[in-house]
Amino acid sequence: HAKSNGGSQYRFYSKELNASIKRMVDMEASLRRALEENEFYVVYQPQTDIASGRTIGAEALVRWNSKAHGRVSPADFIPLAEQSGLILKLGQWVLEEACREAKRWEQAGWTSLKISVNVSAKQFKQPDFADVVKDILKDTGLDPRKLCIEITESVVIDKLMFTLKMLDELVALGVEISIDDFGTGYSSLSLLRQLPISVIKIDQSFIAEMVEVQSVRSVVAAMITMSHHLGKTVVAEGIESEQQMAWLREMGCDNGQGYFIDKPLTAELMRARLKNIS
Ligand code: C2E
Ligand code: MG
Ligand code: MG
Ligand code: MG
């Protein structure tokens, strides 16, 4: 009996597992077709100068509206795209799309706006990544100084010599580099000091916890002060309230983004917003 029970339990477990594996495999197959099927689009979350309230640019964020799976969050499909290697094509498409849109802003007379684009570990680790960026800048005609590439701390720490060389190549093109989700990984400001990184983005978990926890507010203030001593610009992400905005302003945080300022907007809504403020 024990054996047959174990057996059925195994079958049950295996059924659940199969269902979840099947969903992943299905999703990966859909993901593989999604570019050709035009299921991806890019949204733009405005970034503002906290002291003046001026819009200084936006972060490009990819969206997937799948015929088979509906709206899938990037938190779910980016890791899948990364595992399967599809991130290379997808990431290149996002970069191109975002640069093309930023060029439109420039042509419409919003000449100081920057575009920030997330780049995944696998993308950044392609030996020819700087050439990919260079070609996209050339094809879209975007001023390299208008592009900021966001990488995460884990990308920086892993293969430090390669990272240094790649960062130098990117900086030589004229693009800016920012560290996304700062504070969640294992890099230190002293390591970042030695790298040609100009922007530190404080992870949204710190901004969220600032509200309740006084010690987190102190940590945020310290991160801002230290970043400034190292000559870096600081961006706070995930600002959801007036109170957070007021604290960050008082702490001298340079730039911010979050639902309190704006949600990520479609390209059309972003342009409409730019028209309204200028
Ligand atoms: P991230 O780069 O740290 O982007 C910030 C995330 O916070 C975005 O989620 C954004 O929609 C969300 N957010 C913005 N303001 C607020 C706020 O006030 N409160 C809260 N709770 N959240 C806010 P999203 O768009 O779901 O993207 C999640 C992550 O997926 C991104 O984190 C980024 O790591 C990745 N991702 C998104 N687009 C791309 C892409 O084109 N390429 C790559 N490689 N990764 C991407
Ligand atoms: Mg980001
Ligand atoms: Mg982030
Ligand atoms: Mg994040």
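All ligand and atom numbering here is 1-based and tracks the order in the structure. None of the values given here were measured: they were computed from a predicted structure.
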Exercise for review: State plainly whether the residues E101 and R104 are in salt-bridge range, i.e. N to O under 4.0 Å.
Suggested key: yes
Review point. With a 4.0 Å heavy-atom cut-off (strictly under), which part of T152 contacts ligand 1: side chain, backbone, both or neither?
Key: neither
Point to revise | Plane angle bin for F162 and F124 - parallel if under 30°, tilted between 30 and 60°, otherwise perpendicular | key: perpendicular
Point to revise | Identity of the nearest option to atom 44 (N) of ligand 1, non-hydrogen atoms only, from S120, P79, A98 | key: S120
Exercise for review: Would you check if the side chain of E176 reaches a backbone N or O of I149 as a donor-acceptor pair within less than 3.5 Å?
Suggested key: no
Review point. Does G238 reach ligand 1, in the sense of a heavy atom lying below 4.0 Å from it?
Key: yes
Check your understanding: Would you say the side chain of I179 lies within less than 4.5 Å of the side chain of T152, judging by non-hydrogen atoms?
Key -> no
Practice item. Pick, from V42, L61, V119, the option with the minimum heavy-atom distance to atom 10 (C) of ligand 1. Key: L61
Check your understanding: Of all N/O/S atoms in D181, which lies nearest to the Mg ion (ligand 3)?
Key -> OD1
Exercise for review: Find, among atoms of E59 that are N, O or S, the one nearest to the Mg ion (ligand 2), and state its name.
Suggested key: OE2
Exercise for review: Give a yes/no verdict on whether any heavy atom in Q45 is under 4.0 Å from an atom of ligand 1.
Suggested key: yes
Practice item. State whether R217 and E250 are salt-bridged, where the test is any N-O pair (Lys NZ or Arg NE/NH1/NH2 against Asp/Glu carboxylate O) under 4.0 Å. Key: no
Exercise for review: Out of P74, S178, A60, indicate the one that has the non-hydrogen atom closest to atom 28 (C) of ligand 1.
Suggested key: P74
Check your understanding: Going by the angle between their ring planes, with limits at 30° and 60°, are W64 and H69 parallel, tilted or perpendicular?
Key -> tilted
Point to revise | Where ligand 1 meets I78 - atom numbers and elements under 4.0 angstrom, heavy-atom basis | key: 43 (C), 45 (N), 46 (C)
Check your understanding: Is the closest N or O pair between S73 and ligand 1 shorter than 3.5 Å?
Key -> no
Check your understanding: OE1 (E150) to the Mg ion (ligand 2) to OD1 (N118): angle, nearest 10 degrees?
Key -> 90°
Revision key, fill the gap. Within 4.0 Å of some non-hydrogen atom of P264, the atoms of ligand 1 are 11 (O)
Practice item. Look only at interatomic distance and state if D180 has a nitrogen or oxygen under 3.5 Å from any nitrogen or oxygen of ligand 1. Key: yes
Point to revise | Rounded to 10 degrees, the angle OE1 of E237 makes with OD1 of D180 at the Mg ion (ligand 3) | key: 90°
Review point. Out of R63, K263, E59, whose heavy atom is nearest to atom 25 (O) of ligand 1?
Key: R63
**Study point:** K201 with E150: basic N within carboxylate O range, under 4.0 Å
**Key:** yes
Point to revise | E240 neighbourhood, listing ligand 1 atoms whose heavy-atom distance to it stays under 4.0 Å | key: 17 (C), 18 (O), 19 (N), 20 (C), 21 (N)
Review point. Between D139 and R100, is there a side-chain N and carboxylate O pair less than 4.0 Å apart?
Key: no
Review point. Taking everything shown except E212 itself, do over 12 heavy atoms lie less than 6.0 Å from its CD?
Key: no
Check your understanding: Which is closest to atom 12 (C) of ligand 1 by heavy-atom distance: Q123, E237, Q204?
Key -> Q204
**Study point:** Close aromatic pair by centroid cut-off 6.0 Å: Y44 and W105
**Key:** yes
**Study point:** ligand 1 N/O within reach of V62 N/O, cut-off under 3.5 Å
**Key:** yes
Check your understanding: Heavy-atom distance under 4.5 Å between the side chains of W110 and K275, does that happen here?
Key -> yes
